[in-house]
**Q** 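Below is a structure I'd like to ask you about.
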There are 2 protein chains.
Amino acid sequence: MSRDFLYNEIANGIVIQITGGVLQPGDKLPSVRMLCKEHGISMNTAKRVFLELEAQSLIDSKPQSGYFVSRLPYQKLPLPEVSRPSSLANSNEPNELISKVYGNMGNSGLTLFSISAPSGELLPLAKLKKEIVHATRELREGGTAYEPLQGNVKLRRMIAVRSLAWGGNLHENDLVTTGGAMNAVSLCLMALVKPGDTVAVESPCYPGILQLAISLGCKILELPTHPVTGLEIDALKEALPRIDICLLVPNFNTPLGSCMPDEHKKGVVALLAKHHIPLIEDDIYGDLYFGTQRPKCCKAFDKEGNVLWCGSVSKTLAPGYRVGWVAPGKYKEKLLKLKLIHSISSPSIMQEAVANFVTTGKYENHLRQLRRTVEDNYQNYLRAIAQYFPEGTKTSRPQGGLSLWVEFNKGIDTAKLYDLAIKQGICIAPGRMFTLQDQFENCMRLCIGLRWSDELKFKLKQLGNLAKMA
Amino acid sequence: MSRDFLYNEIANGIVIQITGGVLQPGDKLPSVRMLCKEHGISMNTAKRVFLELEAQSLIDSKPQSGYFVSRLPYQKLPLPEVSRPSSLANSNEPNELISKVYGNMGNSGLTLFSISAPSGELLPLAKLKKEIVHATRELREGGTAYEPLQGNVKLRRMIAVRSLAWGGNLHENDLVTTGGAMNAVSLCLMALVKPGDTVAVESPCYPGILQLAISLGCKILELPTHPVTGLEIDALKEALPRIDICLLVPNFNTPLGSCMPDEHKKGVVALLAKHHIPLIEDDIYGDLYFGTQRPKCCKAFDKEGNVLWCGSVSKTLAPGYRVGWVAPGKYKEKLLKLKLIHSISSPSIMQEAVANFVTTGKYENHLRQLRRTVEDNYQNYLRAIAQYFPEGTKTSRPQGGLSLWVEFNKGIDTAKLYDLAIKQGICIAPGRMFTLQDQFENCMRLCIGLRWSDELKFKLKQLGNLAKMA
C-alpha cells in the first residue's frame, strides 16, 4: 500500500486516462514543469510520477522531447494485483513440483522457459575462453594454490569501482567473494539466524531462498509485494515485531521483476536499522535494467553496516563459473569465518577471468548488448502473450531482470499446464513454486533471457493454446 | 589401547629387540612362516605384525627377500604417546592462534611449514593449464552453463573407477561433486546433525573440522588416537552412548599421519552401523601412501550406506581448483538438496579439467612422483630433526599424507615458538590448534609437502635452535 505517496495518486489519474483511452498511444504528456504547476507539487514528486508510469511501461521518455503514451500493444495486458499472502508463517513446501521442474535443468531438448538465467547464445563465450586461458597464465601457480580467504583482490576492486553506479561507495576491503550469489546469501543467513528465527521475504519469492531459510530451521514470513514497486512498506512495518531478519531482492527480483523505488529502499533500510533487523539484499539482477540508469541498491542507503549486499555474474555472464560476492557490512568477520569453515576458499581461475573481463571494459560492452536483447525479448514475449494467451491473462511489467510473471484466470492450474506443456517440449515454472502457501496456482514464471526466434514464438503460441484448453 | 590384538604383543617384543640394539640396522627378520611356527599364530596375524612394524618405520620390506631392520637414522626419535584427551566435550576454541597462523596463508615471503598442502613446485602446473584450455573447448557453452546438480559425470566416473584401488565398488551415480573436501564434509554434517548433537573425532584433529562442527552448534568429543594406528577402538566403544555422529580421517590424517589398520576400519564401521551412528570419512590423503599399496577406506566395509566418504584433489593436485566429492551412501538425496540450496552447482571447468587429467593417466603418473617426493621429504625432515631438534623430541611415523607431528619436552610451548619463528620467516602450526582442550601445547605440525632444499634444511635447523632456547 503506497497511499503515503502523493505521486501515486497523480500517477493513477494518468493511468486511468491512458487505459480509458482519453490519452492515445503516441500522445505527448504534460512536461514535468507543467505537472508541478497543475498539482502544486515539487519537481521531484513530478519526476517520480513519470518514473512510476515508465516503470509500468505505460509511457516512454524521449530525450529532449518529454514523455509520450507508449505505442506498445501490451497495454491491454493488465497488471497482476499486489500479492496478499497470509500473515501466518506457513511452510507448505512445494518440493515435488520443484524437483520436477529443476530436474529438467540442462536438458537441451526442451524449451526452458522455466529457468532464470541467460541462454548461452547470449553470452560472450569466445571472449570468456580467452580470459580463462589468460587467467591460468597470470595467476601464481596457475591458479592451483589456495586463494586468500577474502577472494581475488582484482575482482573485489572491480566490484567496488562498479558500485559507484548504484550509489554504493564500496572499497575492495568491504567485499568477500563467494561461489555465486546463493552461496553468498547462504553464508549471510548462516551468520545471522538461529533455528526458530523468522525471515521476511517478498511474495512471490525465489524458491531457493525459501528452501535455504527452511533448511536452517527458520520460519518464513511472505510479505505483500507490488508487481511494479516491490515490497509493500506498510506491510513490513506491521510485521516488524515478528521479524528477525529481512531478505529482499529489491531490483528486478524473480519471479515478479519488480523494482523498489529509491524512496522505498531508503525507507526500508532506515526502518530495519532502527529495529536492529539485518537486511540481506540479493542484487543479482541489478545490472540488467532496461531503462537508462542502473537502479540504486538498499546498500546505498546503509549508514550502519546493517545491509549485506550480495551479487554475482550468474545472471549476466557465466552461471557455470560460480563467481559471486557479498559486502557484509558489520558482519564481515563472521562471514569470513563461515566461508573458511564451509569452503576454505574460492576457485581462483574463474574469479581472475571475470576480474579481467570487467577491467578491460568487456563486461560493460556485453551488458549493454545483453540488456538490449533481453528488453527486446520482453516486448516480443508481451506481443506473443497478447496474441496467443487466453482472455484475462495478466503480466508483470519488469523494467529489468530475466523474469516475466504471468497470471491466468483463476480456473487455470499451472501445475497441470506444466504436465501438458512438458509433453510438447516446453518447460515452465508454475507459480506455486514461489510460495509456501496456497496461492499463485494460476500463475507462472517465464524466462525472458532466451534467444528470440520464430521457434520460440511458436512455443509461446503452443503454450497459449494449452492454457486455453486447460 | 590395542591389547585385544595378539599381533601387538609380538610386535612389541620385536620393537624392544630393535630399540635395545639386539637387532641391528640391516639385520634380516624371521620370515612370516617362521613367525607363525614360533608363536603358533596364523599367517594373517604374522603378516599384521610386520605391517605394524613397517607402519612404525622400524622395518623395511624388500620384495622376494623378506623384512629387514630399517637403516634410517630416525629410530632414535621416539614415537609420541597415544593421545589422552579429556572425555568431557570441551569447546575451548584456539581462535586467536588459528587466525594468527591462517593469516599467513599465501604469504610467499615465509617458509610455510604450517600448511597442509603440497607446494606448487611439486604440481604439474603446465599440464593442468592445458587441461583447463581443453575443458573450455569441450564443455557445452564453454563451461558457462549451470552444471547438473550431481556434478560432472566424467569426473564421477573416474572417481568410481579409482575406488577399486581402496576396496570401494562405487558407481558414478553414488557420487556427488563438491567445492573441495571440506565443502563435502560441511554438506554431510549439515545433512546429519542438529544443534546439541555430539560429534566424535580423532585427537589431535584438523582445526577446520572442529570449527565446522562448533559452528553448527555441535559438541565435540575428542577420542584417544594412536600416532600410528589412529583412533583407539576401545575408546570409541566406551563413548558410543554419547555420540550422534563420527567424523574420522582414517588414512594419514592431519596432524598425526596415522593410518587405521583394515581390521580397525572394519570394526569401526560395524560398530557404528550397529548403533545407527553415521560415519563421515574424510579421505583426502589416502592417495598419498608411501608404501606399495593404497590403504583401504572405511567405505570399503560399508554394507548399509552408513559411511559418507569424502575426497578431493586439494592435497594432491590443485588446492585452488576446489574440486571435491562425496559418496554419501543412503544420505544422497539429503545431500543433493543441501548442495542445491547452498551453492546451486559446482564450477564446471575445474571438474572437467581434473576429469580429463585423470582419464588420460596423467593423474596416476603425477601421484607416483609426488608420493616419492613426499616420502623423500619425510626422511629428510626426520634426519634434520634428529640432528637439530632438542633432546627428547618425538615424531609421528606417517606412512603417507603431508603432515609430521612433532612433540617436544613438556617445557617447550609451541605457541611461543611460533612467535619466535615467525620473526625468522618460519611459520609453524602449534599443537594447541588441533584440539579444544588444554593439550598439545608442546607439539607442532610440520608440512612435509614442501620442496626439499638446503634452504629448507637450514630453516629446520633454525627452528631446532629456537626450540632449544625456548
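Since we're looking at a predicted model, the values are computed, not measured. Naming convention: chains lettered A, B, ... in sequence-line order (proteins, then strands); numbering from 1 in each chain.
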**Q** With a cut-off of 6.0 Å (strictly less than), are more than 12 heavy atoms of other residues, nucleotides or ligands near NZ of A:K130?
**A** no
**Q** I need the contact set between residues 110-123 of chain B and chain A: heavy-atom distance under 4.5 Å, sorted by residue number.
**A** B:A117, B:G120, B:L123
**Q** Quick check on A:I209 against chain B: is it the side chain, the backbone, both or neither that has a heavy atom closer than 4.5 Å?
**A**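 Neither the backbone nor the side chain of A:I209 comes within 4.5 Å of chain B.
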**Q** Identify the two heavy atoms, one from A:L336 and one from A:Q150, that lie closest to each other, and give their separation to 0.1 Å.
**A**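 So the minimum-distance heavy-atom pair works out to CD2-CA, 3.9 Å.
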**Q** Side chain, backbone, both or neither: which part of B:K194 has a heavy atom under 4.5 Å from chain A?
**A**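 B:K194 has no heavy atom closer than 4.5 Å to chain A.
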**Q** Would you say A:K100 has more than 12 foreign heavy atoms packed within less than 6.0 Å of its NZ?
**A**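 Yes, enclosed.
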**Q** May I ask you to check whether over 12 heavy atoms, not counting those of A:K219, lie within 6.0 Å of atom NZ?
**A** no
**Q** Suppose we screen for salt bridge (charged side-chain N to carboxylate O under 4.0 Å, His left out). Which residues come up paired with A:E147, at least two apart in sequence or across chains?
**A** none
**Q** Measuring heavy-atom distances to chain A, does B:S346 have an atom under 4.5 Å in its side chain, in its backbone, in both, or in neither?
**A**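 For B:S346, the backbone is the part near chain A, not the side chain.
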**Q** Please identify, among A:G324, A:P148, A:S345, A:G208, the residue contributing the most non-hydrogen atom pairs under 4.5 Å to chain B.
**A**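 Going by pairs under 4.5 Å, I would pick A:S345.
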**Q** With a 4.5 angstrom heavy-atom cut-off, could you sort out which part of B:L340 is near chain A: side chain, backbone, both or neither?
**A** side chain
**Q** Determine the option with the most heavy-atom pairs under 4.5 angstrom with chain A, choosing from B:G180, B:G179, B:P195, B:G320.
**A**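 It is B:G320.
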**Q** Would you mind telling me which of B:N356, B:T177, B:N152 makes a side-chain hydrogen bond (donor to acceptor under 3.5 Å, both in side chains) with B:Q351?
**A**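 Going through B:N356, B:T177, B:N152 one by one, the side-chain hydrogen bond (donor to acceptor under 3.5 Å, both in side chains) with B:Q351 is satisfied by B:T177 alone.
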**Q** Quick check on A:L125 against chain B: is it the side chain, the backbone, both or neither that has a heavy atom closer than 4.5 Å?
**A**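 When you check distances to chain B, only side chain atoms of A:L125 fall under 4.5 Å.
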**Q** Quick check for you: among B:G217, B:P319, B:A181, which has the greatest number of heavy-atom pairs under 4.5 Å with chain A?
**A** B:P319
**Q** Side chain, backbone, both or neither: which part of B:S215 has a non-hydrogen atom closer than 4.5 Å to chain A?
**A** side chain
**Q** Tell me whether B:D197 contacts the main-chain N or O of B:C218 through its side chain, where contact means a donor paired with an acceptor under 3.5 Å.
**A**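 Looks like no, no N/O pair under 3.5 Å.
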**Q** What part of B:M350 gets within 4.5 angstrom of chain A, counting heavy atoms only: side chain, backbone, both, or neither?
**A**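 Interface part for B:M350: side chain.
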**Q** With a 4.5 Å cut-off on side-chain heavy atoms, are A:R322 and A:N183 touching?
**A** no
**Q** May I ask you to check whether over 12 heavy atoms, not counting those of B:K154, lie within 6.0 Å of atom NZ?
**A**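 Yes.
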**Q** So, do B:L317 and B:P124 sit near enough that their side-chain heavy atoms are less than 4.5 Å apart?
**A**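 Yes - at least one pair of side-chain heavy atoms lies under 4.5 Å apart.
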**Q** Under 4.5 Å, counting heavy-atom pairs only, tell me which of A:M190, A:M182, A:Q211 racks up the most with chain B.
**A** A:Q211
**Q** Work out which heavy atom in B:R445 is nearest to a heavy atom in B:T254; give both atom names and the distance.
**A**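 Scanning both residues, the minimum pair turns out to be NH1-OG1, 2.8 Å.
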